[in-house]
Amino acid sequence: MGGKIAPSLMCADFLHLEDTLSTLDRAGVDYLHVDIMDGAFVPNFTLGPDFVHAVRHATRVPLDYHLMVDHPERHLHLFPVREGDIVSVHQESTPHLQRTLQQIKSLGAKASVALNPSTSVLSIEDVLDDVDMILIMTVNPGFAGQKLVPATLHKIARLKRFLGERNYGHIEIEVDGNVSMENARKMRQAGADIFVAGTSSVFKPGADLLALTRELKEAIA
Ligand code: DX5
Ligand code: ZN
């Protein structure tokens with residue numbers, strides 16, 4: 001089975017969002033990546049609960065929440081999380097990671113831990129029983145349009161090996177940040193399963209969303 005695509009809605013054209021959502025649905029994307037930022041954990045603000053509720057009503061595509069917020073456990077209730085969704089919280093954002101992962105699972109969603117480029121894969125060794133996916137940040141979180149942190153390519157391969165050696169090969173790996181067509185191929189070879197597609201691929205300004213989605217699918221087949 002090929003890699004899965006999660007277009008990053010913070011990169012979408014908000015003035016034509018309904019058309020974008022139906023095009024993405026037609027293109028057969030696997031998730032819609034929703035970046036939530038609090039201006040504290042990362043120095044930026046993006047999408048909020050009202051935006052997410054509107055998107056939820058406009059599409060049947062599952063949501064892939066990326067909570068770049070301090071203490072995500074305090075804010076989870078604001079979002080329409082449901083079965084089939086993924087919720088990623090940052091390892092660096094709460095002292096109660098295991099409990100927060102349990103909270104996500106209690107909502108019927110897949111639980112995921114996101115790791116900043118500087119955070120070691122070893123830091124999540126004790127929650128492998130609680131996660132369905134691990135999100136490797138291939139840029140520093142907070143902004144679209146950044147360049148890949150080169151060391152993160154090796155980190156993907158190391159994580160893949162780390163999981164396999166411990167019989168956790170079923171845990172999926174998602175990558176987020178500067179997922180260009182060229183980087184996507186390298187990330188796929190390194191072991192990535194789900195690809196957050198932003199301005200580096202499907203939302204390239206002024207380009208054909210459907211054609212780029214198809215091109216990215218081929219790159220990660
Ligand atoms: C950055 C976000 C990413 C970003 C990806 O913090 O998590 O989802 O939107 O966009 P590009 O492809 O521009 O890096
Ligand atoms: Zn993201």
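When a ligand or atom number is given, it counts from 1 through the structure's own listing order.
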With a cut-off of 2.8 Å, which protein N/O/S atoms are close to the Zn ion (ligand 2), if we only count those under it?
His33 NE2, Asp35 OD1, His66 ND1, Asp176 OD2
Please list the nearest protein heavy atom to atom 2 (C) of ligand 1 with its residue and the distance rounded to 0.1 Å.
Asp35 OD2, 3.5 Å
Qualifying salt bridge (charged side-chain N to carboxylate O under 4.0 Å, His left out) pairs, either residue in residues 4-29, two or more places apart
Lys4-Glu172, Asp25-Arg60
Are His66 and His90, when compared by the centres of their aromatic rings, separated by less than 6.0 Å?
yes
May I ask you to decide if Thr138's main-chain N or O and Lys155's side chain share a donor-acceptor pair within less than 3.5 Å?
no
Is the number of heavy atoms from other residues, nucleotides or ligands under 6.0 Å of Glu182 CD greater than 12?
no
Interfacing atoms of ligand 1 (cut-off 4.0 Å, heavy-atom, His33)
8 (O)
Return the residue, atom name and 0.1 Å-rounded distance of the protein heavy atom closest to atom 3 (C) of ligand 1.
Asp176 OD1, 2.9 Å
What residue and heavy atom of the protein are closest to atom 6 (O) of ligand 1, and at what distance?
Gly142 N, 2.8 Å
Ser200 heavy atoms within 4.0 Å reach ligand 1 at atoms 11 (P), 12 (O), 13 (O), 14 (O)
Greater than 12 external heavy atoms within 6.0 Å of Glu83's CD:
no
For atom 13 (O) of ligand 1, what's the nearest protein heavy-atom neighbour? Residue, atom name and distance, please.
Thr199 OG1, 2.3 Å
What atoms of ligand 1 come closer than 4.0 angstrom to any heavy atom of Pro141?
6 (O)
Is the closest heavy atom of Asn178 to ligand 1 under 4.0 Å?
yes
Is there a donor-acceptor contact under 3.5 Å linking the side chains of Gln91 and Thr119?
no
Which of the atoms in ligand 1, numbered in the order shown and given with their element, are less than 4.0 Å from a heavy-atom of Met10?
9 (O)
In this structure, are over 12 heavy atoms from other groups packed under 6.0 Å from His16 atom NE2?
no
Residue part near ligand 1, for Ser180, under 4.0 Å between non-hydrogen atoms
neither
Does only the side chain of Ala144 get under 4.0 Å from ligand 1, or the backbone, or both, or neither? Count heavy atoms.
both
Counting distance only, does the side-chain N/O of Asp85 pair as donor-acceptor with the main-chain N or O of Pro62 below 3.5 Å?
no
Heavy-atom contacts with Val196 under 4.0 Å: which atoms of ligand 1 show up? List them by number with element.
8 (O)
Using a 4.0 Å heavy-atom threshold (strictly under), name the region of Phe143 that reaches ligand 1: side chain, backbone, both or neither.
backbone
Give me the nearest non-hydrogen protein atom to atom 9 (O) of ligand 1 as residue plus atom name, then the distance to 0.1 Å.
Ser8 OG, 3.0 Å
What do you reckon, does Gly145 have a nitrogen or oxygen under 3.5 Å from a nitrogen or oxygen of ligand 1?
yes
At a 4.0 Å threshold, what atoms of ligand 1 neighbour a non-hydrogen atom of His66?
7 (O)
Could you check whether any side-chain N or O of Asp35 sits under 3.5 Å from a backbone N or O of Met10, counting only pairs where one atom can act as donor and the other as acceptor?
no
Would you say that Thr213 contacts Ile5 through its side chain, given a criterion of any heavy-atom pair below 4.5 Å between the two side chains?
yes
Using a 4.5 Å cut-off on heavy atoms from C-beta on, say whether the side chain of Met187 contacts that of Leu153.
yes
Would you indicate whether the side-chain heavy atoms of Asp132 and Ile171 approach each other to under 4.5 Å?
no
Give a yes or no on whether the ring-centroid distance for Phe162 and Tyr168 is below 6.0 angstrom.
no
Same cluster or not: Met68 versus Phe143, using hydrophobic residues (I, L, V, M, F, W, Y) connected whenever any side-chain heavy atoms lie under 4.5 Å apart?
no
So for atom CZ, which belongs to Arg166, do other residues, nucleotides or ligands contribute more than 12 heavy atoms lying within a distance under 6.0 Å?
yes
Would you mind listing which atoms of ligand 1 come within a distance below 4.0 Å of any non-hydrogen atom of Met68?
6 (O), 7 (O)
With a cut-off of 4.0 Å, which atoms of ligand 1 are near a heavy atom of Gly198?
10 (O), 12 (O)
